[in-house]
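Notes for the one structure printed next.
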Amino acid sequence: MSDGDLDRLFDAPEPAEQERMVEALLFAAAEPMTLRMLAERMPAGSDPKAALERLAARYVGRGVELRRIGEAWAFRTAPDLGFLMRRDLVEHRKLSRAAIETLAIVAYHQPVTRAEIEEIRGVAVSKGTLDLLISLDWVRLGRRRQSPGRPVTYVTTDAFLDHFGLESARDLPGLRDLREAGLLADHAGGGAEPPRGDDDLFG
Amino acid sequence: MSDGDLDRLFDAPEPAEQERMVEALLFAAAEPMTLRMLAERMPAGSDPKAALERLAARYVGRGVELRRIGEAWAFRTAPDLGFLMRRDLVEHRKLSRAAIETLAIVAYHQPVTRAEIEEIRGVAVSKGTLDLLISLDWVRLGRRRQSPGRPVTYVTTDAFLDHFGLESARDLPGLRDLREAGLLADHAGGGAEPPRGDDDLFG
Amino acid sequence: MADDFAPGFPSGAVAPESDDAEALRLDIEGFEGPLDLLLTLARSQKVDLRRVSILQLAEQYLRFVAEARRLRIELAADWLVMAAWLAFLKSRLLLPAAPADGGPSGAEMAERLARQLERLEAVRRAAERLMARDRLGRDFFARGEPEAPEDARSTAWGATLADLLKAYAGVRTREAYQPLHMRRAPVYTLEMAFERLRAALPGVRDWATLALFLPHEWIDTPQRRRSAIASTFVAALELARRGEAELRQEAPFAPLHLRPRTP
């Protein structure tokens, strides 16, 4: 490497470029960054303090502002707009295995009674599981079955299709598709076809 | 509260204020937000689309930019500044060649069936390839094809667009050249097809 | 050319300069299948893919397969199927068209193969261009510190389509694993109930609820329990009809009681 190259390497970027760098770094950072942290990331000779000041001025009055937190800096929502974020207060939780299996069985076998779900899963279905799926608006009650006891059946809802990005329940892949997509263990073998036929559960 | 106050409550905010709101909302969210998601959070009568357009213009050339991803929008850092952030990356798991080609075929030929993917690549799609692309949330199931067997089709997701910085699947690089060269048209079946490998097929 | 291939591809596996016999000494595992090899061979012709000689290609492929067999390399069926197809194509290209048999002409078959190679090539280039794009988390980044909710009041239960499909696949797989002898219909037969009840009857001193007579091994699942109750109930009715037992119920839906009939 020649001296000329070295010199160029150590040329600091233009002020406007340094401002862009600080903007990108603070945006992507998972926690507030100190001047020192910024300097470590930026090309040698940069002046993060000056860049920060110009950047802070640019964001004055905007929807987000550059805020100093102790010795560090971070973007924060403008305080007067905090109300917009409040609806975000949602806790994300994964469905239990029992719930997701029950949902899958309803999706594939609808309309299906609780006894049938239990038969397929091989264990009892707790009331809470179906209640949860119903309160999520993924499952609803269908017609009663015209058989002794007239049991209620369960079917999936449009909200279910929406959530799982399906155009219709008919688009659910069949067992063969599952196997081909590698989702079904191969040793399931030929005996595992559902009684109603392979691909076309709803046809 | 006077009548005047009440009236003001139901007026849509000023355009500049709406722009600040969109800015705050998109900054706070890591995931892209659709116009509908924005409108749900903004005061009644707001026009998030117009606000987005003004906001996008404001961020042209900055360290972060406003990007369109399918039907949604998100702030992302400018690609030319990636080198600043790259340091703390967890190394991406390298995709196999089969996975990359399968992804490309889904992206360029979508909606596409598994059989079509195999025809283009000349080999069976191994188990796990589509599974991997689905679990990366880059590929999802589309409608079933209205042809014999009603095969499942595969399409790309918005997360795919986001990952590759695409506004829509129409913006895939070279898509137009491929289409003009007739390389995306469905292959007309005939008796003179070169055989394709299908040692991995079930049907 | 070989250097257009993505990393990891066995570029140079077919050395263009060497003669074909040399080129055959390659690692067949490096190819993803016959079409992959054909595309590599076509590239070795160093012409535009549209002007590739399909006849030459067919010959190269057939020599390759013959050599692999001579070296006792185990070839998968699709390699041999392609060889047969190419041998047929070669004969069509070499022999004057036989208009009588009505099948596709050699030129048509060659055109289709050329088209397929072109399409695979196009997909590979597209894949390269796709992967060369700026990518989220590598070249550009999302908000690193999304605003944390201050207060979590509601719960969003999440599941992805992949979760759903895996769950269903899991259920079906479990089912497939049940040994056949376990798949007896879960029905407690009337005969079983009658025998059990009749055998137990002499030991009953006073009114006893019918539920006491349910076999333990039949009350583990709701379905089996239902079957046991139904059959035990009918068995009790039958014993009463025969005059061997008496039944009593205080009110509708109250527990049923049973005792041996006193002579």
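Note that the structure is predicted; figures quoted are calculated from it, not measured. Values below: all heavy atoms of this structure, side chains included; hydrogens, waters and symmetry mates excluded. Below, chains carry the letters A, B, ... as their sequence lines are ordered, and counting in each starts from 1.
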Checklist entry - Do other residues, nucleotides or ligands put more than 12 heavy atoms under 6.0 Å from the CZ atom of R36(B)? => result no
Next on the checklist: Below 30° counts as parallel, above 60° as perpendicular, anything between as tilted: where do the rings of Y59(A) and Y59(B) land?
Outcome noted: tilted
Checklist entry - Is it the backbone or the side chain of L81(A) that comes under 4.5 Å from a heavy atom of chain B, or both, or neither? => result side chain
Checklist outcome for this item: A24(A) and G63(B) have their tightest heavy-atom pair at CB-O, 3.5 Å
Checklist entry - Atom CZ of F27(B) and atom CZ of F75(A): how far apart are they, to the nearest 0.5 Å? => result 4.5 Å
Next on the checklist: Please check this pair: side chain of R41(B) against backbone of F83(A), looking for a donor-acceptor N/O pair closer than 3.5 Å.
Outcome noted: no
Checklist outcome for this item: In terms of heavy-atom contacts, V64(A) and E23(B) come closest through N-OE1, 4.0 Å
Checklist outcome for this item: Heaviest contributor of heavy-atom pairs below 4.5 Å to chain A, chosen from L26(B), L130(B), T77(B), is T77(B)
Checklist entry - Among V22(B), D80(B), T157(B), T153(B), which has the most heavy-atom pairs under 4.5 Å with chain A? => result D80(B)
Next on the checklist: Only pairs of heavy atoms separated by less than 4.5 Å count here; which of R140(B), E65(B), R58(B) has the most with chain A?
Outcome noted: R58(B)
Item to check | chain B contact via L55(A) - which portion, at a heavy-atom distance below 4.5 Å | outcome: side chain
Checklist entry - Is the number of heavy atoms from other residues, nucleotides or ligands within 6.0 Å of CZ (R176(B)) greater than 12? => result no
Checklist entry - Are the side chain of R62(B) and the backbone N or O of R20(A) linked by a donor-acceptor pair below 3.5 Å? => result no
